[in-house]
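The block underneath contains the structure these notes are about, expressed in structure tokens.
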Amino acid sequence: MLRAPRGTNDILPGAQFRWQDSARWQALEEAIRRISLQYGYQELRPPVFEQTELFARGVGESTDIVQKEMFTLMPRGGEGEEGSTLTLRPEFTAGMVRAYIENGLHNLPQPVKVFTYGPAFRAERPQKGRFRQFHQWDVEVFGAQDPAVDAEVIEIGIALARRLGLEGLEVSLNSIGCPACRPAYRERLRAHFRPYLSELCPDCNRRIDQNPLRLLDCKVDADHPAMRTAPTTVEHLCDECRQHFAALQDHLRALGIPYRVDPKIVRGLDYYTKTVFEVLHPQLGAQSALWGGGRYDGLVEHLGGKPTPGVGFAMGMERMLMVLDEMGIPLPPPPRQDLFFAALGEAARRAALPVVYALRRQGLAVDLDYLGRSLKAQMKYAGRLGARFVAILGESELERGVVVLRDMDQGQQREVPLTAEALAQALAEAMRP
RNA sequence: GUGACCGUAGCUCAGCUGGUUAGAGCGCCAGGCUGUGGCCCUGGAGGUCAUGGGUUCGAAUCCCAUCGGUCACCCCA
């Protein structure tokens, strides 16, 4: 049997599918759109694939994502054609930045606040909360260095979670400095760890040259004595970065968002400067980060744009839906069917069809039976659909030009003339509180 | 890429130390109620017991391999 590719998921109709229920996805997407627009963010949809080079340069050559997790497409099925391959996006920021530069969005009113959501792809081994195709809500702000903006992008995620009814989030925060202070810090880290290299894991030995900050979040050597005595980023920030970090914390306190400073979070993407953060929920298992992000003041320039500060985050939609499901938190249900038209027999159905379509053209959610089933079966089906009313049209009603209109919630029914106008009016009356 | 555990109806699972035609609940379809949903009762459809090989008189059950899944490591949303 043909199966969905490893690490992908079907989004299906039906509450029994838990976090894969398409109604729950629609509710989350709706919440995302609403809160984004409410906070002044506009939608920017970049393509799902980009030139490979964008991710190599934007995410960072030394990252795991670029080195071993990208789905790179073979152009026209052929090998070769070096240098111009396409890659399914492994994250959103690089494409958002590319679109900002390419379309001259620095000419828009500043700062430029954009959001998007959709699938991203990483060739990882799947496990709970981690997939090869996964979905993110992405938020980015270009052109503002004010730490109040860092606070805003942290707050908007919290606000969404709160609006959905999710409690128990843990915000971790750190500052990893900027080109002014990080080089000196990096050297200090190298000097600190170099005497212990023989005792550290192979990855750390590699990282000390390429990206010494990553030594700090190494799980293998977490208990090594050198880790506890390691210099922290926040102790070595330049004045500007220190002030920025302090101001951000002031804002978070003012917003009533509890957080803790965690010197160990450095993030796996190369482009971050100053602020980095993650938001965790303990219910989730090993992949406990619901979302994460930070500031990337050098990235726009690095990708060929004018020097432009930026800050943003990406939230894992599967992870959000899984936590909501495990916490038993309901989401707004989709609108129910207004009317199910139960026509008995061929003549009745011929008479019913024009009425059904007329009601649909008026915008009512109306459905009918196509399997020629008994009234009982049609009633049962209408009940499963959650239809608010059922219109019953049998021989005797057809002769008299009426339908029996049954209120499925109240269990009451009455006769109504067999016209779209009469039915629409009867439904409007009955649904008025 | 590494490790552990697991593959029996659409779903959740039972099937004892190998022993006739492989079961249940839910779901689906139909009937009980020849025109009225939810509750109840009855019946039906639906399975190459993941696949291939081996051991055996006999394998869903034991062994091996392959494929797939889950969880964890690494890393991340």
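Note on naming: letters A, B, ... go to the chains in the order of the sequence lines (proteins, then strands), and numbering restarts at 1 for each one. Side-chain atoms are counted along with the backbone in the values below, which use heavy atoms only and exclude waters and symmetry mates.
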Subject >> Contacts of type side chain to side chain contact (heavy atoms under 4.5 Å, CB included), residue Gln38(A), not counting sequence neighbours >> reply: Ile35(A), Arg163(A)
Subject >> ring-ring contact (aromatic ring centres under 6.0 Å, His included) against Tyr117(A), all qualifying residues, sequence neighbours excluded >> reply: none
**OP:** Name all residues meeting the salt bridge (charged side-chain N to carboxylate O under 4.0 Å, His left out) criterion together with Arg360(A); count only those two or more places apart in sequence or in a different chain, and write none if there are none.
**Re:** Asp367(A)
**OP:** Summarise protein proximity over nucleotides 6-11 of chain B in one line of letters, 5' to 3': B for base, S for sugar-phosphate only, - for none, counting protein heavy atoms closer than 4.0 Å.
**Re:** ------
Original post:
Quick one: side chain to side chain contact (heavy atoms under 4.5 Å, CB included) partners of Glu124(A), sequence neighbours excluded?
Top reply: Glu69(A), Arg122(A), Arg130(A)
Original post:
Does Phe340(A) have any ring-ring contact (aromatic ring centres under 6.0 Å, His included) partners at least two apart in sequence or in another chain, and if so, which?
Top reply: Tyr381(A)
Subject >> Heavy-atom protein contacts under 4.0 Å, nucleotides 26-34 of chain B, coded B base, S sugar-phosphate only, - none >> reply: -SSSSSBB-
Subject >> Phosphate OP1/OP2 of rC76(B) contacted by Arg122(A) side-chain N/O (<4.0 Å) >> reply: no
**OP:** Give every residue pair that meets the ring-ring contact (aromatic ring centres under 6.0 Å, His included) criterion with at least one member in residues 27-48 of chain A, sequence neighbours excluded.
**Re:** none
Original post:
Of all of residues 273-280 of chain A, which get a heavy atom below 4.0 angstrom from RNA chain B, listed by number?
Top reply: none
Original post:
How would you list, by chain and number, every residue that makes a salt bridge (charged side-chain N to carboxylate O under 4.0 Å, His left out) with Lys128(A), sequence neighbours excluded?
Top reply: Glu326(A)
**OP:** Name all residues meeting the side chain to side chain contact (heavy atoms under 4.5 Å, CB included) criterion together with Leu88(A); count only those two or more places apart in sequence or in a different chain, and write none if there are none.
**Re:** Val48(A), Phe49(A), Phe71(A), Leu73(A), Phe121(A)
**OP:** Among residues two or more places apart or on two chains, list those pairs meeting salt bridge (Lys or Arg N to Asp or Glu O under 4.0 Å) that have a residue in residues 277-288 of chain A.
**Re:** Arg267(A)-Glu278(A)
